[in-house]
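As structure tokens, the structure follows; a few thoughts come after it.
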Protein chains: 2
Amino acid sequence: MSIELDSVDWALLEALQEDARLSYNELARRVHVSPPTVAQRVRRLENAGVITGYRATVDPTAVGRPVIALVRMKCYGPRCITVHPELLDDCPEVVEVVRLTGDICSVVKVVTTSISELERLLVRLGGYGETSSAMVLSTPIPWRPVQAG
Amino acid sequence: MSIELDSVDWALLEALQEDARLSYNELARRVHVSPPTVAQRVRRLENAGVITGYRATVDPTAVGRPVIALVRMKCYGPRCITVHPELLDDCPEVVEVVRLTGDICSVVKVVTTSISELERLLVRLGGYGETSSAMVLSTPIPWRPVQAG
DNA sequence: TTTGAAATATGCAAAAT
DNA sequence: ATTTTGCATATTTCAAA
């Protein structure tokens, strides 16, 4: 399931994590190989499941969704949302669900327009388990690239 | 700080959240405007801070970092990592820090090669505050686009 | 916002290392 | 076996309307 990555692969991964829209030409200049080689390497990384996608990151506050929260769930057994994430298909406010070890079965990140929308969502999530929520004040480190190390 | 988004802007945002590498040509076909208009709209969204970046998503397990955890921090007052995130500049294993309301001051997502590396990191984080960690078993919903609603 | 022409970038096949 | 070169196609950018 794992593939060997050389220094060219890592350089491409780091560049694409920083800016997913870099052209193969620009990537070629940065990692000192030819554009067709970049294209071939990138496709290999995609096919091997190393690169799982390319996403524009949107600032929720800038699009009118300033109320963000993390909700810790203790689900009621068989209705656990980690086992049936499709239960949340009609909740676009839910942007991430992570399943955890321990007594908390998952953490759910929600992005909403207002406190009252958050409240409605907590009622909905409360149907699947015990919830405990905390609002996101800021994101001191919003993300970091996975590095060669 | 907020700008008005029409249906073309939202269509572009949704398309670029799904696939950040779509060409302006392809975007133009999908949203039924000309390529230069797409380029101009996208630049406007970038400059307005709506789009904060474009990132390739890398599967940590596929690159030899299968041990992922969420660490809840109760920092020791003035050394709080939410106030001084630069304290973690030399910890590439830390990929996200979110500051929260409540008695937990932040949640830190860490991506490591092994349990022993995770342990070393927890010792390090323990220097800044009380830690409580849970390992990530899976990510039933890894992300969702922010939608027009 | 669109059109059209110039500059760039991409993808394929063949050759080279 | 992988990488590069060269060429044909496609895309991006800029100017003008």
Side-chain angles (χ1 to χ4, degrees), chain A residues 1-59 62-64 143 145-149, chain B residues 1-65 113 143 145-149:
Chain A
M1 216 63 189
S2 214
I3 72 169
E4 279 307 306
L5 302 181
D6 65 16
S7 63
V8 170
D9 293 317
W10 274 111
L12 291 172
L13 285 178
E14 291 181 15
L16 286 170
Q17 287 179 95
E18 293 288 343
D19 183 357
R21 284 185 72 77
L22 289 171
S23 70
Y24 293 148
N25 253 296
E26 180 58 28
L27 288 167
R29 275 190 285 276
R30 297 194 187 190
V31 308
H32 309 296
V33 294
S34 72
T37 298
V38 169
Q40 187 250 62
R41 294 292 194 113
V42 170
R43 276 186 243 289
R44 176 170 160 270
L45 292 168
E46 292 167 356
N47 294 334
V50 173
I51 295 174
T52 57
Y54 302 96
R55 306 193 230 301
T57 302
V58 171
D59 177 359
V63 295
W143 71 286
V146 176
Q147 281 172 312
Chain B
M1 218 61 193
S2 216
I3 73 170
E4 279 307 306
L5 303 181
D6 65 15
S7 63
V8 170
D9 293 316
W10 274 112
L12 292 172
L13 285 177
E14 290 181 15
L16 285 170
Q17 286 179 95
E18 292 289 343
D19 183 357
R21 284 184 73 78
L22 289 171
S23 71
Y24 292 146
N25 250 294
E26 180 58 28
L27 289 168
R29 274 190 286 277
R30 297 193 186 190
V31 309
H32 307 298
V33 294
S34 71
T37 299
V38 170
Q40 187 249 55
R41 293 291 194 113
V42 170
R43 243 146 247 168
R44 176 170 162 269
L45 292 168
E46 292 166 357
N47 293 333
V50 172
I51 295 174
T52 57
Y54 303 96
R55 303 200 244 294
T57 301
V58 171
D59 176 358
T61 299
V63 295
R65 281 151 184 79
T113 57
W143 71 288
V146 177
Q147 281 171 315

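Below, read A as the first sequence line, B as the second, and so on, with proteins coming before strands; counting in each chain starts at 1.
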Next on the checklist: How many whole angstroms separate atom CG of A:Asn25 from atom P of D:dT13?
Outcome noted: 13 Å

Checklist entry - When rounded to the nearest 0.5 angstrom, what distance separates CG in A:Leu16 from CD in A:Glu46? => result 8.5 Å

Checklist entry - Do the side-chain N or O atoms of A:Thr37 get closer than 4.0 angstrom to the phosphate oxygens (OP1, OP2) of D:dT4? => result yes

Next on the checklist: Are the side chains of B:Asp9 and B:Val50 in contact, using a 4.5 Å heavy-atom criterion?
Outcome noted: no

Checklist entry - Quick one: which of C:dG11, D:dT11, D:dT13 gets closest to the side chain of A:Ala39? => result C:dG11

Item to check | Nucleotide nearest A:Gln40 when distance is taken to its side chain, options C:dT2, D:dT11, D:dT3 | outcome: D:dT3

Checklist entry - For the pair made of CZ in B:Arg30 and P in D:dT11, what is the distance, rounded to whole Å? => result 12 Å

Next on the checklist: Just the rounded figure in Å: distance from P of D:dA10 to CZ of B:Arg21.
Outcome noted: 19 Å

Item to check | Distance, rounded to the nearest Å, where A:Asp6 contributes CG and D:dT2 contributes P | outcome: 11 Å

Next on the checklist: At less than 4.0 Å, is any side-chain N or O atom of A:Arg44 found next to OP1 or OP2 of D:dT2? Yes or no.
Outcome noted: no

Next on the checklist: Is there a side chain to side chain contact (heavy atoms under 4.5 Å, CB included) between A:Arg41 and A:Leu27? Walk through the geometry before answering.
Outcome noted: CA-CA 11 Å; A:Arg41 294 292 194 113; A:Leu27 288 167; over 6 Å; no

Checklist entry - For A:Leu45 and A:Leu5, what are the C-alpha separation, side-chain angles and deciding distance, and is it a side chain to side chain contact (heavy atoms under 4.5 Å, CB included)? => result CA-CA 9 Å; A:Leu45 292 168; A:Leu5 302 181; 3.6 Å; yes

Next on the checklist: If the cut-off is 4.0 Å, is A:Arg29 near the phosphate of C:dA9, judged by side-chain N/O to OP1 or OP2?
Outcome noted: yes

Item to check | B:Arg43 CZ to D:dC14 C1', straight-line distance once rounded to whole Å | outcome: 11 Å

Checklist entry - Separation of B:Glu26 atom CD from D:dT11 atom P, in whole Å? => result 8 Å

Checklist entry - Side-chain N or O of A:Arg41 less than 4.0 angstrom from OP1 or OP2 on D:dT2? => result no

Checklist outcome for this item: Whole-Å distance, B:His32 NE2 to C:dT2 C1', equals 17 Å

Checklist entry - Between the side chain of A:Gln17 and the main-chain N/O of A:Val146, is any donor-acceptor distance below 3.5 Å? => result yes

Checklist entry - Taking the side chain of B:Tyr24 as heavy atoms from C-beta outward, which of D:dT2, D:dT12, C:dT10 is closest to it? => result D:dT12

Checklist entry - Which is true for A:Pro36 with a 4.0 Å heavy-atom rule: it touches a base, it touches only sugar-phosphate, or it touches nothing? => result base

